[in-house]
Chemist: 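Here you go, one structure.
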Amino acid sequence: MAKIVWDQIGEKKYETGVDHAVLYSLNSKGVYTPGVAWNGVTSIAESPDGAEPESQYADNVKYLTIISAEELNGTIEAFTYPHEWELCDGTAEIAPGVTIGQQARKTFGLSYRTKIGNDIDGQDHGYKLHLLYGGVASPSERTYETINESPEAISLSWDYTTTPVPVTGHNMTSLVTIDSTLVDKDKLAALEKILYGSEDDDARLPLPDEVAALLGEGSSEIDTARLFR
């Protein structure tokens, strides 16, 4: 038994920023590859929806509560996007440099990184990797304004919804989050080699079961169930 103590040195943690965004296209074999860098990302919002309680009554009293299914939606904001995003944004190329809109939207995956800070290391304490699956983007609005004495770059924004993928022993999920301060450093480096590619292999987005096998195999200290949420 131990008494609870608040705000100890090194335990004042926070999250900030977003970087290292990578876009993955879902191919006909159900594999998210190849990954390409997405520069200019300014924010990625994760907005869970659903999981609402539904009360059930019997014998004139509340009998039980059923929780509805949870979905993951969100918003991506950026100054620009890779050419590969056009297929996910309902755009098709009909000639070099000529595109048309209102086309079918391709399913995508994302990986991105957020920083973990604390009162000792600042923003360099660690980071979280976010792996997002089954994304489908909605049409976005673009506003073009005249250049004036206070010019600003156009900020692009897309809402997205997701379709979850299977996870052995757990409910299906659209998001895997990996905390660099809790996993083995060498295994994390191996995962990042998959996510970001190498001289021999294209970058790809591994499914949750592969992530769990890579980070959890041979380790009794890490509960892989903590990686899924």
Side-chain angles (χ1 to χ4, degrees), residues 2 4-24 32 35-48 70 72-79 82 108-135 160 162 164-165 167-171 173-199 201-229:
I4 295 175
V5 179
W6 285 266
D7 299 325
Q8 295 192 79
I9 294 175
E11 293 186 357
K12 300 175 183 178
K13 296 182 179 181
Y14 59 91
E15 290 187 53
T16 185
V18 59
D19 61 13
H20 284 49
V22 182
L23 171 69
Y24 308 87
Y32 289 92
V36 294
W38 189 333
N39 300 314
V41 172
T42 57
S43 71
I44 299 177
E46 302 168 0
S47 306
E70 182 176 334
L72 178 65
N73 306 309
T75 304
I76 303 168
E77 296 185 6
F79 288 129
F108 66 90
L110 283 177
S111 70
Y112 48 96
R113 193 178 71 166
T114 56
K115 291 188 175 183
I116 302 173
N118 71 1
D119 53 316
I120 296 177
D121 303 320
Q123 297 180 10
D124 298 322
H125 179 63
Y127 57 89
K128 288 184 179 180
L129 288 173
H130 305 255
L131 313 182
L132 186 145
Y133 304 88
Y160 68 84
T162 61
V165 296
V167 186
T168 300
H170 299 271
N171 294 333
T173 188
S174 299
L175 182 66
V176 174
T177 305
I178 300 114
D179 188 329
S180 71
T181 66
L182 299 177
V183 301
D184 181 87
K185 304 302 181 184
D186 292 335
K187 293 177 181 178
L188 181 60
L191 173 61
E192 291 177 330
K193 185 176 180 180
I194 295 173
L195 293 173
Y196 305 141
S198 66
E199 294 180 357
D201 298 299
D202 287 333
R204 65 180 177 86
L205 180 63
L207 293 174
D209 281 349
E210 183 179 355
V211 175
L214 179 62
L215 297 182
E217 184 179 1
S219 174
S220 60
E221 298 179 356
I222 301 173
D223 180 4
T224 56
R226 294 172 61 190
L227 302 177
F228 302 96
R229 70 180 189 185

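No experiment lies behind these values; they were computed from the predicted model shown. Any value given below was found using the heavy atoms of this structure, including those in side chains, with hydrogens, waters and symmetry copies removed. In this chain, residues are counted from 1 in sequence order.
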Chemist: I need the minimum non-hydrogen distance between Tyr133 and Leu175, along with the two atoms involved.
Modeler: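 Heavy atoms only, the tightest pair is CD1-N, 4.5 Å.
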Chemist: Just how far is it from atom CG of Asp7 to atom NZ of Lys12, taken to the nearest 0.5 Å?
Modeler: 5.5 Å
Chemist: Given the rule in the side chain to side chain contact (heavy atoms under 4.5 Å, CB included) test, do Thr181 and Asp179 qualify, once you have shown the distances and angles that lead to the verdict?
Modeler: CA-CA 5 Å; Thr181 66; Asp179 188 329; 2.6 Å; yes
Chemist: Identify the heavy atoms of Asn118 and Tyr14 that sit nearest to each other, and give their distance.
Modeler: N-CE2, 3.7 Å
Chemist: Go through it in stages, so that I can follow the logic: the residues are Leu72 and Leu132, the test is side chain to side chain contact (heavy atoms under 4.5 Å, CB included), and I'd like the CA-CA distance, side-chain angles, deciding distance and then a yes or no.
Modeler: CA-CA 9 Å; Leu72 178 65; Leu132 186 145; 4.2 Å; yes
Chemist: Minimum heavy-atom separation for Lys187 to Gly216, with atom names?
Modeler: NZ-C, 4.3 Å
Chemist: If you measure from CG on Asp184 to CG on Leu215, what distance do you get to the nearest 0.5 Å?
Modeler: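 Reported value, rounded in 0.5 Å steps: 8.5 Å.
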Chemist: Report the residues that fulfil side-chain hydrogen bond (donor to acceptor under 3.5 Å, both in side chains) with Ser47, sequence neighbours left out, ordered by chain and then residue number.
Modeler: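 For Ser47 there are no side-chain hydrogen bond (donor to acceptor under 3.5 Å, both in side chains) partners, ignoring immediate neighbours.
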Chemist: Rounded to the nearest 0.5 Å, what separation is found between the CD atom of Glu70 and the OG atom of Ser174?
Modeler: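 Interatomic distance, Glu70 CD to Ser174 OG, rounded to 0.5 Å: 9.5 Å.
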Chemist: Do Leu131 and Tyr24 touch side chain to side chain, with heavy atoms closer than 4.5 Å?
Modeler: no
Chemist: Determine whether Asn39 and Pro82 make a side-chain contact, defined as any pair of heavy atoms from C-beta on separated by less than 4.5 Å.
Modeler: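 No. Closest side-chain heavy atoms not under 4.5 Å.
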Chemist: Leu205 and Gly109: which non-hydrogen atoms are nearest, and at how many Å?
Modeler: CD2-CA, 3.9 Å
Chemist: Go through the side-chain N and O atoms of Thr114 and His130 and say whether any donor and acceptor fall under 3.5 Å apart.
Modeler: yes
Chemist: Would a 4.5 Å heavy-atom cut-off, applied to side chains only, mark Lys115 and Asp19 as touching?
Modeler: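 Yes, at least one pair of side-chain atoms sits under 4.5 Å.
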Chemist: Tell me the closest heavy-atom pair linking Asp119 and Ile9, and the distance in Å.
Modeler: OD2-CA, 3.6 Å
Chemist: Contact between Val22 and Leu195 at the side-chain level, heavy atoms closer than 4.5 Å - yes or no?
Modeler: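 A side-chain contact under 4.5 Å is absent here.
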Chemist: Please lay out, stage by stage, how Tyr160 and Leu110 fare under the test side chain to side chain contact (heavy atoms under 4.5 Å, CB included).
Modeler: CA-CA 11 Å; Tyr160 68 84; Leu110 283 177; 5.7 Å; no
Chemist: Supply the atom-to-atom distance Glu199 CD to Lys193 NZ, rounded to the nearest 0.5 angstrom.
Modeler: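 It is 9.0 Å, given to the nearest 0.5 Å.
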Chemist: Could you walk me through whether Glu192 and Arg113 pass salt bridge (Lys or Arg N to Asp or Glu O under 4.0 Å), step by step?
Modeler: CA-CA 11 Å; Glu192 291 177 330; Arg113 193 178 71 166; 5.6 Å; no
Chemist: Under the side chain to side chain contact (heavy atoms under 4.5 Å, CB included) criterion, do Leu214 and Ile194 qualify, and how do the steps go?
Modeler: CA-CA 11 Å; Leu214 179 62; Ile194 295 173; 4.1 Å; yes
Chemist: Does any non-hydrogen side-chain atom of Phe79 lie less than 4.5 Å from one of Thr42?
Modeler: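 The answer is yes; the side chains approach within 4.5 Å.
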Chemist: Identify the heavy atoms of Ile116 and Lys128 that sit nearest to each other, and give their distance.
Modeler: CD1-CG, 3.6 Å
Chemist: Check whether Ser180 reaches the backbone of Gly126 with its side chain - one donor and one acceptor, N or O, closer than 3.5 Å.
Modeler: no
Chemist: Who are the ring pair (Phe, Tyr, Trp, His ring centres under 6.0 Å) partners of Phe108, not counting sequence neighbours?
Modeler: Trp85
